[in-house]
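Just below is one structure, and these are the notes that go with it.
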Amino acid sequence: MSLVTDIKALAKEALGNLYPDVEIPGSSVTVNQTKPEFTGDYTLVLFPFLKLLRTKPDVIGKAIGEYMVNNSDWVASYDIVAGFLNLTIHDSYWASFVTSQYNNTTYGQGVPTDKTVMVEYSSPNTNKPLHFGHLRNIFLGYAMSGVLEVTGNKVVKANLINDRGIHICKSMVAWQRYANGATPESTGIKGDHLVGDYYVKYNDEFKKEVAQMVADGMEQETAEKEAPILKEAKVMLIDWEAGKEDVVELWKTMNGWVYAGFDVSYKRMGVNFDKMYYESDTYLLGKEVVQQGLEKGVFFKKEDGSIWIDLESEGLDQKIVQRADGTAVYITQDIGTAIKKYEECNLDKSVYVIGDEQNYHMQVLKLILQKFGHPCAEGIYHLSYGMVELPTGKMKSREGTVVDADDMMDEMIAIAKQQTEEAGKTEGFTEEELTTLYETIGLGALKFYLLRVDPKKKMIFDPKESIDLHGFTAAFIQYAHARICSILRKEGIEKMPKDNLFADFKLSEQISPAEKMLAVTLEQYPDIMQNAADEYNPSLLCNYTFQLAQQFNSFYDVHSISKAENDEKKQLRLMLIIMTAQVMRHAMGTMGINLPEKM
RNA sequence: GGCCCCGUAGUUCAAUGGAUAGAAUAGAAGUUUCCUAAACUUUAGAUCCAGGUUCGAUUCCUGGCGGGGCUACCA
């Protein structure tokens with residue numbers, strides 16, 4: 001139970017006892033951390049009670065303040081400033097909090113919920129390598145999985161691979177025409193990049209063919225439909241759906257190259273999946289559901305044979321769920337996949353990490369499943385995130401402004417190396433240790449950069465700013481962590497002592513402002529984690545951990561730990577920094593960001 | 001056209017309807033005989049406009065202006 005919860009409960013108790021005749025809604029009890037310019041730790045806002053109780057804030061504040069001091073052993077004193085009741089918590093509360101929790105390895109871990117949650121993320125196409133936009137999706141999905149797991153859920157990480165369709169055939173056609181049998185092995189090119197190269201090649205050739213046809217007198221529009229390479233791709237798609245052997249064989253081979261490439265990227269990113277779904281497997285499932293829905297009367301058939309659902313009563317349009325020729329559209333397979341996931345994994349919740357351009361699509365998906373009456377519908381949650389844009393605007397593959405994911409990782413690691421060398425911090429490391437360190441710093445920076453913004457908001461990716469290792473970055477937190485580890489090494493203390501080294505600790509002196517600030521922030525950690533889960537927002541953890549690191553740095557500046565004024569202070573400070581480092585590791589680790597012990 | 005989202009320091013981001021709107025970065029000025037200066041301290045700088053609700057509005061409502069997305073028998 002967190003302190004804020006306790007304060008709220010005590011305030012409600014006080015109001016109930018002091019004003020038994022008046023019903024005070026629980027939602028009107030708001031508690032905030034006290035602003036630094038006032039004395040106190042937490043503040044109860046009195047304004048909401050004034051009208052209900054028809055009394056002045058000073059009177060109510062005094063009554064509640066007195067009650068809280070007298071009826072708890074942790075409220076030390078109170079102070080009323082213009083409608084705000086500022087509460088000061090006893091130093092002994094903070095001391096016992098730190099003493100009891102500093103080496104608790106499960107601090108921040110929530111109670112089990114018995115819920116199973118699937119988080120689907122990454123969900124790439126198999127015709128080109130992962131790009132910077134995928135990185136936001138992947139890190140968000142992985143971090144969210146971690147947050148949900150820490151808060152007590154059983155989490156299934158899933159990846160739905162879009163491995164079929166015309167775009168895949170385009171790469172295949174171009175490869176057939178121009179590759180002369182080139183493979184990742186023969187060229188030394190990573191599989192996903194090799195296939196991506198032929199996707200680019202396809203588009204180049206398509207443009208050339210269209211230009212030629214226009215030059216020969218054809219209308220632009222007609223040419224774009226009649227280009228031979230496009231026709232080839234279309235034929236290939238039909239052959240694929242018909243199961244034509246050589247096409248299927250090529251499809252398998254090229255997808256295999258892509259998967260091998262993705263695996264390397266995922267491994268480097270430090271992410272993984274428990275379940276893989278392939279649209280080539282699931283697209284038929286949806287069609288069965290559509291048939292059932294037709295029988296149930298949820299869907300209806302138009303004269304041309306196409307099947308629709310009417311969502312006008314929900315303020316939306318009519319949506320097609322199956323084409324006139326009987327083939328599946330995008331949403332058809334999503335319907336099938338949603339049900340398959342639900343049934344295979346016994347899901348209570350299903351989180352989809354998908355960009356906000358698909359808000360409408362996801363709304364429709366959920367509505368269709370609700371109308372169909374399937375129990376999986378209620379648990380569907382679209383974790384919608386904004387697009388990543390460049391300072392110059394959107395990334396466009398046609399204009400070649402897409403930033404490749406592998407390149408980005410390389411660049412970040414190179415920057416980490418360069419900055420470490422420039423700072424002259426390479427001494428005392430082996431070559432392997434340095435390689436690991438650069439990865440930890442470079443990838444940490446990249447992940448943090450993408451996770452620190454509220455997922456719902458679109459974000460600007462500024463290459464110049466992203467490589468900065470100062471300020472609101474992972475490196476700042478990593479550095480603070482390394483400093484703590486360094487102190488503990490010199491003191492000969494493990495970073496997470498198994499035994500309670502400070503069992504005989506007794507507080508006799510006042511806690512300093514810097515010491516208290518750390519304790520207060522540490523105490524809030526479980527609440528922050530829960531908020532991140534409730535709001536599906538890992539950026540709260542980034543903000544929190546950065547604040548913790550800032551406070552540690554200030555603390556470190558004003559207080560010596562190894563040369564503390566006396567043994568009591570030294571023990572208190574050691575406990576504080578052990579716990580600070582632990583919470584940093586826990587929070588960052590939940591999001592897949594590692595913290596080095598030296599840097 | 002219809003529907004949805006977003007406008008906060010020069011820039012990138014914060015702020016369950018609560019106190020004098022916080023950080024980071026860029027700018028200015030400082031700190032190292034002492035546990036890692038990738039740090040710390042000080043300083044200057046912002047709520048798109050106009051109404052409304054409220055004791056109190058960056059937050060909620062209405063109307064503008066500006067930006068983005070969706071509105072396919074594409075995925």
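Throughout, a chain's letter reflects where its sequence line sits, starting with A, and its residues are numbered from 1.
Pairing partner, B/G45: none, since no Watson-Crick or wobble contact has both distances short of 3.5 Å. For B/C35, there is no paired base (Watson-Crick or G-U wobble, both distances below 3.5 Å). Pair assignment for B/C55: B/G18, on the basis of Watson-Crick or G-U wobble contacts that are both within less than 3.5 Å. With a cut-off of 3.5 Å on both pairing distances, the Watson-Crick or G-U wobble partner of B/A50 is B/U62. Across all strands shown, B/A23 forms a Watson-Crick or G-U wobble pair with B/U12, both key distances being under 3.5 Å. Remark: B/C3 base-pairs with B/G69. Criterion, Watson-Crick or G-U wobble with two distances under 3.5 Å.
A donor-acceptor contact shorter than 3.5 Å links the side chain of A/Trp251 to the backbone of A/Asp163.
Contacts of A/Asp325 with the nucleic acid, taken as non-hydrogen atoms under 4.0 Å apart, are absent. Residue contacts for A/Asn531: at a heavy-atom cut-off of 4.0 Å it reaches no nucleic acid atom on any strand shown. Among the protein residues, A/Ser27 comes within range of no part of the nucleic acid, since none of its heavy atoms lies under 4.0 Å from any strand. As judged by a 4.0 angstrom heavy-atom cut-off over every strand, A/Gln547 is placed among residues making no nucleic acid contact. Nucleic acid contact for A/Ala324: base, since at least one base atom lies under 4.0 Å from a heavy atom of the residue. As judged by a 4.0 angstrom heavy-atom cut-off over every strand, A/Thr43 is placed among the base-contacting residues. A/Val45 comes within contact range of at least one nucleobase, with a heavy-atom separation under 4.0 Å. Counting non-hydrogen atoms under 4.0 angstrom, A/Met387 reaches nothing in the nucleic acid. Using a 4.0 Å heavy-atom criterion, one finds that A/Lys456 contacts no nucleic acid atom at all. In this structure, A/His559 reaches the bases: a heavy-atom distance under 4.0 Å links it to at least one base atom across the strands shown. Here A/Glu279 lies in heavy-atom contact (under 4.0 Å) with sugar-phosphate atoms only. Heavy atoms of A/Phe546 sit under 4.0 angstrom from primed sugar atoms or phosphate atoms, though from no base atom.
Set against B/C35, B/C40, B/C13, the side chain of A/Asp557 has B/C40 as its closest nucleotide. Which of B/A75, B/U71, B/C35 sits closest to the side chain of A/Ser560 comes down to B/C35. Side-chain atoms of A/Ile441 lie closest to B/A38 of the nucleotides B/U41, B/A23, B/A38. Taking only side-chain atoms of A/Asp454, from C-beta outward, the nucleotide of B/C35, B/A14, B/A37 with the closest atom is B/A14. Closest to the side chain of A/Phe472, out of B/A24, B/U36, B/A19, is B/A24. The side chain of A/Pro48 has B/G18 as its nearest neighbour among B/G18, B/C35, B/A19. Comparing B/G69, B/U36, B/U54 by their nearest atom to the side chain of A/Lys51 picks out B/U54. For A/Ala482, whose side chain is taken as the heavy atoms from C-beta onward, the closest listed nucleotide among B/A19, B/U36, B/U16 is B/U36.
Contact of the A/Lys425 side chain with the A/Tyr479 side chain is registered, since non-hydrogen atoms from C-beta on lie closer than 4.5 Å. At least one side-chain heavy atom of A/Pro25 sits under 4.5 Å from a side-chain heavy atom of A/Leu52. Looking only at side-chain heavy atoms (C-beta outward), A/Gln419 and A/Ile415 come within less than 4.5 Å of each other. Side chains of A/Phe502 and A/Ile578 form a contact here, defined as non-hydrogen atoms less than 4.5 Å apart.
At a cut-off of 3.5 angstrom, counting only N and O atoms as typed in the model, there is no donor on one side facing an acceptor on the other between the side-chain of A/Lys598 and the base of B/U36. In terms of polar N and O atoms assigned as donor or acceptor, the side chain of A/Thr473 never comes within less than 3.5 Å of the base of B/A38 in a complementary pairing. Applying the 3.5 Å distance criterion, the base of B/A19 shares a donor-acceptor pair with the side chain of A/Asn86.
A/Arg452 has its CZ atom 14 Å from the P atom of B/A15, to the nearest Å. Per the geometry, CG belonging to A/Asn32 stands 19 Å off P belonging to B/G56, to the nearest Å. What separates CD of A/Glu389 from P of B/U12 is a distance of 11 Å, to the nearest Å. In this structure, A/Asp462 atom CG and B/C13 atom P are separated by 10 Å, rounded to whole Å. Atoms NE2 (A/His361) and P (B/A72) sit 14 Å apart, rounded to a whole Å. With rounding to whole Å, A/Tyr360 atom OH is found 12 Å from B/C4 atom P. In this entry the distance linking CG of A/Leu365 with C1' of B/A75 reads 14 Å, nearest Å. As a whole-Å value, the separation of A/Glu597 CD from B/C35 P is 20 Å.
In this structure, A/Lys457 does not reach the B/C6 phosphate: none of its side-chain N or O atoms is under 4.0 Å from OP1 or OP2. Dashed line: the shortest gap from a side-chain N or O of A/His470 to OP1 or OP2 of B/A39 is under 4.0 Å.
Under the 4.0 Å criterion applied to side-chain N and carboxylate O atoms, A/Lys456 and A/Glu535 are not assigned as salt-bridge partners.
No aromatic stack links A/Phe476 and the base of B/A38, using centre distance under 5.5 Å and interplanar angle under 30°. The side-chain ring of A/Phe38 is stacked on the base of B/A19, judged by centre separation under 5.5 angstrom and plane angle under 30 degrees. The aromatic ring of A/Tyr556 stacks onto the base of B/C35, its centre lying under 5.5 Å from the centre of the six-membered base ring with the two planes under 30° apart.
At least one cation-pi condition fails for A/Arg136 and A/Tyr385: the charged atom is not both under 6.0 angstrom from the six-membered ring centre and inside a 45 degree cone around its axis. With a 6.0 Å cutoff to the six-membered ring centre and a 45° limit on the axis angle, A/Arg164 counts as a cation-pi contact of A/Tyr283.
The six-membered or imidazole ring of A/Phe448 lies away from that of A/Phe139, with a centre-to-centre distance of 6.0 Å or more.
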